[in-house]
Engineer: 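Before I ask anything, let me first share the structure, which is written out below as C-alpha cells.
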There are 4 protein chains.
Amino acid sequence: MSTEMAIGRRDRNRIRNRNEILEAAQKEFSKNGYHDTSIQAIAIRADFAVGTLYQLFGTKENLYRELLVDYAEQARVQFADALSTGKTAYERLVNYVRAKGDLFEDRIPLARLILMETMGTGVLFKSGPKPELNLMYDVWHKILADIFEEGIESGEFRPVDAMGAAVALEGMTNQFIYHWQQEPDTFQYDRAVEQIEELFLKALRT
Amino acid sequence: MSTEMAIGRRDRNRIRNRNEILEAAQKEFSKNGYHDTSIQAIAIRADFAVGTLYQLFGTKENLYRELLVDYAEQARVQFADALSTGKTAYERLVNYVRAKGDLFEDRIPLARLILMETMGTGVLFKSGPKPELNLMYDVWHKILADIFEEGIESGEFRPVDAMGAAVALEGMTNQFIYHWQQEPDTFQYDRAVEQIEELFLKALRT
Amino acid sequence: MSTEMAIGRRDRNRIRNRNEILEAAQKEFSKNGYHDTSIQAIAIRADFAVGTLYQLFGTKENLYRELLVDYAEQARVQFADALSTGKTAYERLVNYVRAKGDLFEDRIPLARLILMETMGTGVLFKSGPKPELNLMYDVWHKILADIFEEGIESGEFRPVDAMGAAVALEGMTNQFIYHWQQEPDTFQYDRAVEQIEELFLKALRT
Amino acid sequence: MSTEMAIGRRDRNRIRNRNEILEAAQKEFSKNGYHDTSIQAIAIRADFAVGTLYQLFGTKENLYRELLVDYAEQARVQFADALSTGKTAYERLVNYVRAKGDLFEDRIPLARLILMETMGTGVLFKSGPKPELNLMYDVWHKILADIFEEGIESGEFRPVDAMGAAVALEGMTNQFIYHWQQEPDTFQYDRAVEQIEELFLKALRT
DNA sequence: GATGAATGAGACTTCATTCAT
DNA sequence: GATGAATGAAGTCTCATTCAT
C-alpha cells in the first residue's frame with residue numbers, strides 16, 4: 001500500500017544477502033583482523049560465492065568499510081538516543097556510557113575492529129580522509145563536549161574544559177571496554193559504569 | 001675477566017647489525033603497519049640482505065615482536081623511574097603521565113604501533129600467549145594500581161577501586177595521546193597533563 | 001504467403017535486438033579489443049540483459065564472430081560491386097582500392113578488428129577452421145587474382161603471377177590504410193589510391 | 001682480463017635465466033597470443049617459478065614488451081646491415097626484403113606477434129606511447145624511404161613519392177610473409193622476393 | 001657469517017556463463 | 001522471451017622464507 005511495499009522480491013533478496021554477508025564478514029574480520037581475513041573465508045562462512053561478494057561490495061576494503069559504516073550508524077543512533085534521555089547532563093552522560101557498553105555487548109566481535117579504527121590504527125585510516133568514520137572519533141568527541149558544555153552552562157558542572165572532559169570520558173570508556181573484553185569473567189561492565197561515575201563524573205559536579 | 005668482557009668483535013658486530021635492523025624496521029612498520037611492510041623493504045632500508053634478517057630474527061613476526069619488546073623495556077624503565085620520583089602518589093602519577101607523553105614524543109612513529117598493540121588489536125595478540133607484551137597492558141595496569149593503592153593507604157586518596165583508577169588513567173592518557181597525534185598543531189600534550197590532573201587526579205585527593 | 005512474408009512481430013523484434021546488440025558490440029570491441037571487452041559492458045551499452053545476449057549469440061566468441069561475418073558480408077558485396085564496375089581490369093582494381101578505403105572510412109572503429117583478424121593474429125584464427133572469415137583473406141586474394149588474370153588474358157597487363165599481384169595489392173592497401181589510421185591528419189587515403197596506381201598498377205600495363 | 005670478464009657468476013646466471021624465460025615466453029605467446037597465455041604456462045615451460053618471472057620482469061605486459069624489444073633490436077641490426085649491403089639502392093632493397101624473410105624464417109613463432117604489433121593491433125599499442133617499438137613501424141618506414149630517396153636522387157629510380165614507396169614495400173613484404181605462414185608447403189619466400197622485384201622494384205627503375 | 005635469487009602458496013579480483021523467476 | 005543475480009574457475013601478482021654459494 002505504501003511506497004515501501006513497492007520494494008520487489010529482487011531488492012529484498014539483495015538486502016538479505018547483503019546482511020548475511022556483512023554478518024559473516026563481521027565475524028571473520030573480528031576474529032583475525034583485516035589482513036588475516038580472506039574474502040574466501042567470508043564467502044564460505046556466508047555461503048555465497050566470492051563473486052557475489054565482489055558484485056555487492058566491489059573490493060575487500062569496501063566491504064570492510066561498509067561494515068563499519070553500518071555499525072557506526074547504529075551506534076550514532078543509539079548514542080544520540082542515550083544522550084537525549086535524562087534530565088541532567090550527568091544522567092545523560094551515564095546513559096551514554098551505559099549505551100556504549102550495551103552496544104559492545106550486543107556485538108562483541110566488532111569491538112576490536114571499532115577500537116582499532118577509532119584509535120586511528122586501522123586499515124581505513126591509512127588512505128586519506130574517511131568522512132563516514134569521523135562519526136567515530138571527531139564527531140563523537142564534539143557531541144560529548146556539547147553535553148559537558150551544557151552541564152557547565154547550567155551550573156551543574158564545574159567550569160572545566162569541555163573538550164578535555166570529552167576526550168577523557170572516551171578514553172576511559174574505551175579502556176574499560178577493552179579491559180572487560182580481556183577479562184570477561186572477572187570484570188562486569190556495570191562496574192565500569194559505576195567507576196566512571198565515581199572517579200570522574202561525580203567530581204565534575206558543583 | 002667477567003663474562004661481559006668476553007663480548008668479542010663477532011658479538012659486537014651482531015649487536016650493531018641487530019640494532020641497525022631494528023631501527024629500519026621501526027621506521028617501516030610505523031609507516032605502513034605490520035602487514036603492509038615487507039621484509040625486503042626493511043632489508044633495503046637497513047642495507048642488509050634478507051637472509052641476514054632471517055638469521056638474526058627468524059621470522060617477520062619475531063622481528064616485530066623484538067622491536068616492541070625492546071621498546072617496552074625502555075618504556076618500563078622510564079615509567080618505573082617516573083613512578084618512583086616524587087614524594088606523594090599524586091606527584092608520582094603526574095610524573096608518569098608526563099613521562100608517557102615524553103616517550104611518545106621521542107619516538108612518535110612507534111606510537112601507532114604501541115597504541116595498536118596495547119589496545120589489543122595488533123598482530124601479536126592474535127595467536128596465543130604473549131608474555132613479553134603483557135608489560136604493555138596488564139602489568140602497566142597493575143603497577144599503576146599499586147601506586148593508587150599506596151595513595152589510598154597513606155590517606156592521600158579517597159578509598160576508590162585502585163585497579164579501576166588505573167584503567168581510567170591509562171584510558172585517558174591513551175586518548176589524549178591519540179588526540180594529540182591527530183591535531184599536533186592545536187593541542188599540546190602539556191594541556192593533557194593539566195587536564196588529567198584537573199579532571200581526574202585532584203578529585204581523588206582527600 | 002511466401003515464407004518471407006511470414007516474418008512476424010516476434011522475428012522482427014529478434015532481428016532488431018540482434019542488430020542493436022551487434023552495434024553495441026562493435027563499439028566496445030573496437031575500443032578495447034576482444035579480450036578487454038566484457039559481455040556485461042556490451043549488454044549495458046546495448047541496454048539488454050546479459051542473458052539476452054547469450055540467448056541470441058550463445059557465446060562471447062560467437063557474438064564476435066557474427067559481428068565480423070556480418071561485416072565481411074557487407075564488404076564482400078561492396079567489393080564485388082566495385083570489382084564489377086569499370087571497363088578495364090585496371091579500372092576495376094582502382095575501384096576496389098577506393099571501395100576498400102571507403103569501407104574503412106565508414107566504419108573506422110572496425111578497422112583494427114578487421115586488420116587484426118585478416119592478418120591472422122586475431123581471436124578467431126586460433127582454434128581450428130574458420131570458414132566464414134576466409135572470405136576475408138583467402139577468398140579476397142583469389143577474387144583479386146581472378147581480376148589480374150583477366151587483365152593478363154585480355155592483354156591489358158603483362159604476364160605476371162596473378163596471385164602474387166593479388167597478395168601484393170592486398171598488402172599495399174592494408175599498409176596504406178594502417179598508415180592512414182596512424183596519421184589521419186597528414187595523410188589522405190586519396191593519395192594512397194594515387195600511389196598504388198602510380199607505383200604498382202600502371203607498371204603492370206603493357 | 002677484459003672488463004667483460006668481470007661479469008660475475010651471478011650476472012651470468014641472471015642473463016641465462018632471462019633468456020630462457022624469454023625463449024619460453026616467445027613460444028607461448030606465439031602459440032596463443034598475449035591474452036590467452038598465462039604467466040603460469042610460461043613459467044612451467046621455462047622451468048622456473050612464477051615469482052622468478054615477476055622478479056625479473058615485473059609484470060606480464062613488461063615481459064611481453066621486453067620480448068618484442070629484444071627482437072626489434074635484432075631486426076634493426078640485421079636490416080641495417082642488409083640495407084647497407086649492395087651497390088645500388090635496388091640491390092639494397094632486395095637485400096632488405098630477403099633479410100626480412102630470413103628473420104621470420106629463423107624465428108617463425110614470433111612472426112604473428114610482430115605482425116600484430118606492427119599493424120597496431122597489439123597489446124602494447126593500447127597504452128600510450130611505446131617508443132621502443134617505433135622501430136618496428138615509423139622508423140622502418142623512414143629508413144626505407146631514405147633508401148628510395150637515395151635511388152631517386154642518384155637517378156636510379158623514377159621520381160616517385162619515397163614514403164609511399166616505403167609503405168607499399170612494407171605492406172607487400174608483410175602480406176607475403178603472412179601468405180607464406182599460411183601456406184608454407186606451397187609457397188616459398190624466395191618467390192616472394194622475386195615477385196616483389198618483378199612487380200614493384202623493377203618498375204621503379206628509370 | 002652474509003648474501004639475494006629462487007620459490008610457490010595464497011591473496012584479490014574478473015568475467016563468461018547459467019538458471020530460477 | 002527476457003532478466004540479472006549468482007557462480008567459481010582462472011588469472012595476475014606479492015612476499016615470507018629458504019639455501020646454495
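Computed from a predicted structure; not experimentally measured. Here is the naming used below: chain letters follow the sequence lines, and residue numbers restart at 1 for every chain. Note that these values count all heavy atoms, side chains included, but never hydrogens, waters or copies made by symmetry.
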Engineer: Using the closest heavy atom to pick a nucleotide of DNA chain F for each, name whichever of A:Leu53 or C:Asp47 lands nearer the 5' end.
Structural biologist: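 Taking each residue's closest nucleotide, the earlier one in sequence belongs to C:Asp47.
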Engineer: Once you round it to whole Å, what is the distance between P of F:dT14 and CG of A:Asp36?
Structural biologist: 19 Å
Engineer: If you check every side-chain atom of C:Ala49, which of F:dC13, F:dA5, F:dT3 has the closest atom?
Structural biologist: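 When the side chain of C:Ala49 is considered, F:dT3 is the closest of F:dC13, F:dA5, F:dT3.
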Engineer: Looking only at the side chain of C:Arg14 (C-beta and beyond, no hydrogens), which of the listed nucleotides F:dG1, E:dT13, E:dT7 gets closest?
Structural biologist: F:dG1
Engineer: To the nearest angstrom, how far is D:Phe57 atom CZ from E:dA5 atom C1'?
Structural biologist: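 Rounded to the whole Å, the gap is 14 Å.
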Engineer: Roughly how many Å is it from CG in D:Asn13 to P in E:dG4, rounded to a whole number?
Structural biologist: 15 Å
Engineer: Starting at CD of A:Glu61 and ending at P of E:dA11, how long is that distance when rounded to a whole Å?
Structural biologist: 18 Å
Engineer: Indicate yes or no for a side-chain donor-acceptor contact from A:Ser30 to the backbone of A:Gln26 under 3.5 Å, with no hydrogens or angles considered.
Structural biologist: yes
Engineer: Which is more 5' along DNA chain F, the nucleotide nearest B:Thr59 or the one nearest A:Val50? Just name the residue.
Structural biologist: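 Its nearest nucleotide being more 5', the pick is A:Val50.
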Engineer: Which nucleotide in the list F:dA6, E:dA2, E:dA11 gets nearest to the side chain of A:Lys60?
Structural biologist: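 Minimum distance to the A:Lys60 side chain belongs to E:dA11.
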Engineer: What I want to check is whether an N or O donor and acceptor connect the side chain of A:Gln40 with the base of E:dA11 at under 3.5 Å.
Structural biologist: no
Engineer: What's the closest nucleotide to the side chain of C:Asn17 if the choices are F:dT7, E:dG1, F:dA2?
Structural biologist: F:dA2
Engineer: Which whole-number value in Å describes the distance from B:Arg18 CZ to E:dG1 C1'?
Structural biologist: 17 Å
Engineer: Which residue, C:Thr37 or C:Gln55, contacts DNA chain E at a nucleotide closer to its 5' end, judged by nearest heavy atom?
Structural biologist: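 By nearest-heavy-atom nucleotide position, the 5'-most residue is C:Thr37.
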Engineer: Are the side chains of A:Leu22 and A:Leu63 in contact, using a 4.5 Å heavy-atom criterion?
Structural biologist: yes
Engineer: Which pairs with one or both residues in residues 38-48 of chain B pass side-chain hydrogen bond (donor to acceptor under 3.5 Å, both in side chains), sequence neighbours excluded?
Structural biologist: B:Glu28-B:Arg45
Engineer: Whether the side chain of B:Thr37 engages the backbone of B:Gly33 through a donor-acceptor N/O pair (distance < 3.5 Å, no angle test) should be reported.
Structural biologist: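 Indeed, once roles are kept as given, a pair shorter than 3.5 Å links the two residues.
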Engineer: Taking the six-membered ring of B:Tyr34 as reference, does the NZ or CZ atom of B:Lys60 fall below 6.0 Å from its centre and within a 45° cone about the axis?
Structural biologist: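 Yes, a cation-pi geometry holds between B:Lys60 and B:Tyr34.
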Engineer: Quickly work out the C:Ile21 CD1 to F:dT3 P distance and round it to whole Å.
Structural biologist: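 Taking CD1 of C:Ile21 and P of F:dT3, I get 9 Å after rounding.
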Engineer: Would you check if there is a donor-acceptor pair between the side chains of B:Arg14 and B:Asn17 at a distance under 3.5 Å?
Structural biologist: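 No, because no side-chain N or O of B:Asn17 sits under 3.5 Å from a partner of the opposite role on B:Arg14.
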Engineer: Kindly express the pairing pattern of DNA chain E in dot-bracket notation, using | wherever a base pairs with another strand and counting only Watson-Crick or G-U pairs under 3.5 Å.
Structural biologist: .||||||||||||||||||||
Engineer: Would you mind reporting whether D:Ile42 and D:Phe29 have side-chain heavy atoms less than 4.5 Å apart?
Structural biologist: yes
Engineer: Looking at the side chain of A:Thr52, which of F:dC13, F:dT7, E:dG4 is the nearest nucleotide?
Structural biologist: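 Of all the options, the side chain of A:Thr52 is nearest to F:dT7.
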Engineer: Classify the ring geometry between B:His35 and A:His35 as parallel (under 30°), tilted (30 to 60°) or perpendicular (over 60°).
Structural biologist: parallel
Engineer: Counting heavy atoms from C-beta on, name the nucleotide in F:dC13, E:dT17, E:dT3 closest to the side chain of C:Tyr54.
Structural biologist: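 The listed nucleotide nearest to C:Tyr54's side chain is E:dT17.
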Engineer: I want to verify a distance call: between E:dT17, E:dT13, F:dA16, whose nearest atom is closest to the B:Ser38 side chain?
Structural biologist: F:dA16
Engineer: Roughly, in whole Å, what's the span from CD1 in D:Ile15 to P in E:dA6?
Structural biologist: 12 Å
Engineer: Once you round it to whole Å, what is the distance between P of F:dC15 and CG of B:Leu63?
Structural biologist: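 One finds 16 Å between P of F:dC15 and CG of B:Leu63, rounded.
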Engineer: Give the nucleotide from the list E:dT3, F:dT17, E:dT7 with an atom nearest to the side chain of B:Phe48.
Structural biologist: E:dT3
